[in-house]
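We use all heavy atoms of the structure for the numbers below, so side chains are in, but hydrogens, waters and symmetry mates are not. Start at 1 and go down the list; that is how both ligands and their atoms are numbered.
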Amino acid sequence: MYLTFEEERILKGFEGEAKARALEVIVRVGEALGASRLIRIKHAHISGVSYENIGDVGLEFIEGLRGLGARFSVPTSVNPVSYDVEDLSSIPGVTLERSYVEAQEAIARALRDMGADLVFTCTPYYAGIPEVYELKVGDHVAWGESSAVAYANSVLGIRTNREGGPLALMAAIAGRTYYYGMHVEEERKPRVSYALEPLVTLDEVEAGILGEIVARMHKDERPPHLVALFEGDSALKELLAALGTVSDIAMAHIQGVTPEDPGGEIKETVKIDYDMLEEELREKMPTEGVDIIYIGCPHSGLEEISKLARTLEAASPVKARIAVSMSRNVYLKALELGLVEKLRRAKATIIRGSCLIVSPFSKHNKGVKVATNSYKAYHYLSRKGVKVYLTRISDIQNHAKT
Ligand code: F3S
């Protein structure tokens, strides 16, 4: 791999041992993939920071890097943690041991000491992070968190591969990643197109199902091209989260959304029947009243929160617990706009900086039935043994226990 003079110096330790080690990892992975050079990044987003997911091994790894003097070379944000840092009781049915809380706090402290912005969200694009808003089409970043990666490439037009948590961490320290995959212009040009027929506008749950169907069908190495219409940004969020859940796809070229030229290499168009999508959705809808309705995987933005608040305002009280997860920054904005008050009036539980999947929710809620508008949450909660269904926000009243 070609390395600049500055990169050679970093590898030799002129900028500290931690940065040298981080860059060495990036170079080795890049060489294994066949990358010809490195590329500077403007931002990093680190996944795998929940103690529930990474445990003591992850904690020691992150603390070890801090101990070596590691500092992030670029603005760096982080994914959700294993509980709501401002209200330990907000994850339904979960009571945490002091030692568990302390371990999560230690992870957050080490990341903060290295320079991370502790936004604790999987939707950094909603969280009011100035360095993310300033990113322009064509900018290179290193993001972990598959749903955010797919959104970054497909909606924001910024370039990132699907970095695993440790690799995003190394890239953040090194300030560089390998020039490969989604960073390379030609690799982003689709060759297979998927067209929804008839071309109706999909809501967030239908969008998630479409993402799952495309992810299962798509075998080409290049990103899929999509011809479909979406109700709003939360539908795009759910589409891309589902795509990243079922496959390792890092981008979809969405007609009318993705801010770049798809090129002229489409060789095949696959039709996706809307009825097939609806049939799959019907199979996954509740057949009984559920205990918890969960919204906000990936973390909700204001559009989704407004829709939920409007629906709950118009609905009569239900026995099911409504839980919605979002970043702390989006929470503060929703508070300012009066949306939090509307949610609280409907007795909704707000989870800030965490979610039902990266928290110990499933361990403490055996036998509980959940409905969600997120295909990603449906997928992971099912795998964790929770009985889970899909519901539209507008159908909450029909599916909750009354
Ligand atoms: Fe985010 Fe948790 Fe879903 S981290 S993408 S809300 S699984």
Side-chain angles (χ1 to χ4, degrees), residues 45-54 58 77-85 90-92 94 104 107-108 111 118-127 143-152 154-155 160 162-165 168 204-205 207-208 211-212 215 233-250 292-301 304-305 308 322-331 349-363 365 370-386 388 390 393:
H45 180 76
I46 299 172
S47 57
V49 299
S50 151
Y51 180 63
E52 184 65 21
N53 289 357
I54 65 174
S77 49
V78 297
N79 236 25
V81 285
S82 49
Y83 51 80
D84 179 337
V85 285
S90 77
I91 307 286
V94 175
Q104 182 64 77
I107 293 169
L111 290 165
L118 301 183
V119 285
F120 301 138
T121 187
C122 43
T123 52
Y125 43 90
Y126 288 155
W143 282 12
E145 174 47 49
S146 62
S147 64
V149 166
Y151 190 94
S154 316
V155 180
T160 175
R162 247 176 94 144
E163 308 291 2
E204 79 279 12
V205 189
E212 182 250 346
D233 204 67
S234 12
L236 288 169
K237 167 177 81 92
E238 294 305 334
L239 163 87
L240 296 161
L243 205 60
T245 297
V246 182
S247 69
D248 58 4
I249 294 171
I292 296 175
I293 308 268
Y294 175 52
I295 309 297
C297 170
H299 276 178
S300 294
E304 189 168 51
I305 296 168
L308 178 64
I322 315 286
V324 51
S325 54
M326 62 189 78
S327 69
R328 288 189 294 188
N329 293 2
V330 167
Y331 169 81
T349 299
I350 300 174
I351 302 166
R352 286 154 297 185
S354 187
C355 72
L356 296 195
I357 294 95
V358 302
S359 69
F361 170 80
S362 56
K363 286 184 188 158
N365 285 281
V370 177
T372 177
N373 66 340
S374 159
Y375 186 85
K376 178 167 184 173
Y378 169 87
H379 177 89
Y380 282 112
L381 288 174
S382 305
R383 281 173 53 158
K384 284 172 178 260
V386 176
V388 52
L390 284 175
I393 288 180

TODO: State, yes or no, whether a side-chain contact exists between Ile393 and Glu304 at a heavy-atom distance under 4.5 Å.
DONE: yes
- [ ] For the residue pair Tyr126 and Tyr151, categorise the inter-ring angle as parallel (less than 30°), tilted (30 to 60°) or perpendicular (more than 60°).
- [x] perpendicular
Open item on the list: Checking the side chain of Lys376 only, and the main-chain atoms of Pro298 only, is there a donor and an acceptor separated by less than 3.5 Å?
Closed with: no
Open item on the list: Can you confirm whether the side chains of His379 and Thr245 place a donor and an acceptor under 3.5 Å from each other?
Closed with: no
Open item on the list: Asn79 vs His45, test: side-chain contact (heavy atoms from CB on, under 4.5 Å). Steps then yes/no.
Closed with: CA-CA 7 Å; Asn79 236 25; His45 180 76; 2.9 Å; yes
Open item on the list: Is the shortest side-chain heavy-atom distance between Tyr375 and Val246 below 4.5 Å?
Closed with: yes
Task: Per-atom contacts, ligand 1 versus Glu145 - under 4.0 Å to a heavy atom - done: 5 (S)
Open item on the list: Any atom of ligand 1 sitting under 4.0 Å from a heavy atom of Gly296?
Closed with: yes
- [ ] Report the residues that fulfil ring-ring contact (aromatic ring centres under 6.0 Å, His included) with Tyr380, sequence neighbours left out, ordered by chain and then residue number.
- [x] none
Task: N, O or S atoms of the protein lying under 2.8 Å from atom 2 (Fe) of ligand 1 - done: Cys355 SG
